[in-house]
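A quick write-up on the structure given underneath.
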Amino acid sequence: AALIDPYARFLAHIGRPMPLAQRVIDARQVVFSNYFVARPAFWREWLALPDLGVAAIKAKIDTGARTSALHVDRLETFEREGRRWVRFAIEPSSRRHKTPLVCEAPIVDERLVTDSGGDRAVRPFIRTLVAIGSEVWGVEINLTDRRSMLFPMLLGRTAMRGRLRVDPELSFVLGRPRRRKKKRRAA
């Protein structure tokens with residue numbers, strides 16, 4: 001209990017005030033809390049997929065979904081150097097860029113996935129980097145047709161385990177990722 005006040009002042013100082021007395025369990029010598037481990041996230045947020053060249057995509061941060069999913073078009077599997085790969089197109093999230101982004105990635109697994117409607121299908125999974133705010137880490141994502149869904153990407157609980165905690169009251173707090181400007185070479 002003696003640590004709650006200093007931690008609360010620290011969180012307020014860095015702009016993340018939190019009522020710790022309501023969220024921390026004190027058991028004599030040990031304090032249990034998962035609020036210091038994970039970064040805050042929000043039920044919907046902008047993220048980037050840098051390995052795939054996706055600078056910004058709207059995603060639903062979904063604790064009810066075990067796996068992550070990405071909406072793709074023109075899904076095609078092929079072999080390269082004895083490994084199975086997948087080629088797919090991602091529709092741009094910007095109105096300025098009309099051309100779909102064509103990507104290729106090795107398939108790390110194919111698994112049976114049950115969607116929110118209860119339908120089951122075998123989907124290819126790829127491994128790629130995801131960036132939310134300043135955090136970047138590797139995740140497995142299944143590729144599917146999410147055309148009828150509100151968000152083209154769903155970040156599931158396996159991808160966020162130990163990294164994010166979800167606040168359902170907030171949305172798009174971290175802002176849209178900025179495209180990094182390429183340095184020009186001197187002529």
Side-chain angles (χ1 to χ4, degrees), residues 34 37-94 97 99-168 171-172 174-180 182:
N34 65 349
V37 177
R39 295 270 183 182
F42 314 99
W43 78 271
R44 54 187 179 167
E45 191 60 77
W46 285 101
L47 56 85
L49 302 170
D51 286 349
L52 301 177
V54 177
I57 189 169
K58 285 182 184 178
K60 178 179 180 183
I61 311 300
D62 192 349
T63 59
R66 181 173 44 195
T67 60
S68 300
L70 175 64
H71 172 70
V72 299
D73 290 315
R74 300 191 306 264
L75 186 71
E76 169 191 348
T77 59
F78 63 96
E79 292 248 345
R80 178 180 288 161
E81 298 176 3
R83 289 186 69 189
R84 290 188 42 130
W85 281 62
V86 65
R87 182 178 298 118
F88 52 93
I90 301 173
E91 291 295 324
S93 60
S94 169
H97 301 95
T99 308
L101 179 64
V102 178
C103 305
E104 293 181 349
I107 296 173
V108 296
D109 200 4
E110 290 182 290
R111 297 183 211 138
L112 188 63
V113 176
T114 305
D115 68 18
S116 59
D119 296 322
R120 298 169 60 129
V122 175
R123 297 183 188 170
F125 280 75
I126 64 168
R127 184 149 182 85
T128 190
L129 293 177
V130 65
I132 299 179
S134 62
E135 300 292 317
V136 180
W137 68 97
V139 298
E140 285 187 359
I141 299 174
N142 73 70
L143 306 176
T144 188
D145 182 347
R146 292 182 52 82
R147 188 181 339 262
S148 63
M149 300 297 186
L150 190 57
F151 296 93
M153 174 136 185
L154 182 135
L155 191 69
R157 66 181 178 267
T158 303
M160 65 177 108
R161 183 175 291 134
R163 295 184 179 275
L164 304 174
R165 65 178 171 81
V166 179
D167 186 338
S171 298
F172 303 119
L174 299 175
R176 185 178 176 133
R178 301 270 183 224
R179 183 178 295 275
R180 291 185 180 156
K182 294 181 182 179

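Positions are given from 1, in the same order as the sequence printed here.
Among all heavy-atom pairs drawn from Pro100 and Ala89, the shortest one is CB-CB, 4.1 Å. Nearest heavy atoms, Pro152 versus Ile57: CG-CG1, 3.7 Å. Considering all non-hydrogen atoms of both residues, Leu47 and Ala59 come closest at CD2-CB, 3.4 Å. Here the shortest heavy-atom pairing between Ser68 and Ala159 reads OG-CB, 3.4 Å.
Side-chain contact between Met153 and His71: absent, with no pair of heavy atoms (C-beta onward) separated by less than 4.5 Å. Between Lys60 and Met149, every side-chain heavy-atom pair lies at or beyond the 4.5 Å cut-off. Considering only heavy atoms from C-beta on, Leu70 comes within 4.5 Å of Leu49 through its side chain.
For Arg157, there are no salt bridge (Lys or Arg N to Asp or Glu O under 4.0 Å) partners two or more places apart in sequence or in a different chain. Partners of Leu75 according to the side chain to side chain contact (heavy atoms under 4.5 Å, CB included) rule, which considers only residues two or more places apart in sequence or in another chain, are Val72, Val86, Phe88, Pro124, Leu143. Evaluation of the salt bridge (Lys or Arg N to Asp or Glu O under 4.0 Å) rule for Arg161 yields no partner, not counting sequence neighbours. Every residue meeting the salt bridge (Lys or Arg N to Asp or Glu O under 4.0 Å) condition with Glu76, not counting sequence neighbours, appears here in chain and number order: Arg87. By the side chain to side chain donor-acceptor pair (under 3.5 Å) test, Thr67 is found to be paired with Asn142, residues two or more places apart in sequence or in another chain being considered. For Asp115, there are no salt bridge (Lys or Arg N to Asp or Glu O under 4.0 Å) partners two or more places apart in sequence or in a different chain.
Every pair passing salt bridge (Lys or Arg N to Asp or Glu O under 4.0 Å) that includes a residue from residues 139-152 is listed here, sequence neighbours excluded: Asp73-Arg147, Arg111-Glu140, Asp145-Arg147. The salt bridge (Lys or Arg N to Asp or Glu O under 4.0 Å) contacts involving residues 119-129 comprise nothing, where partners must be two or more places apart or lie in separate chains.
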Side chain to side chain contact (heavy atoms under 4.5 Å, CB included) assessment of Ile132 paired with Leu155
CA-CA 11 Å; Ile132 299 179; Leu155 191 69; 3.7 Å; yes
Can you check side chain to side chain contact (heavy atoms under 4.5 Å, CB included) on Lys58 and Trp46, steps first, answer last?
CA-CA 5 Å; Lys58 285 182 184 178; Trp46 285 101; 3.5 Å; yes
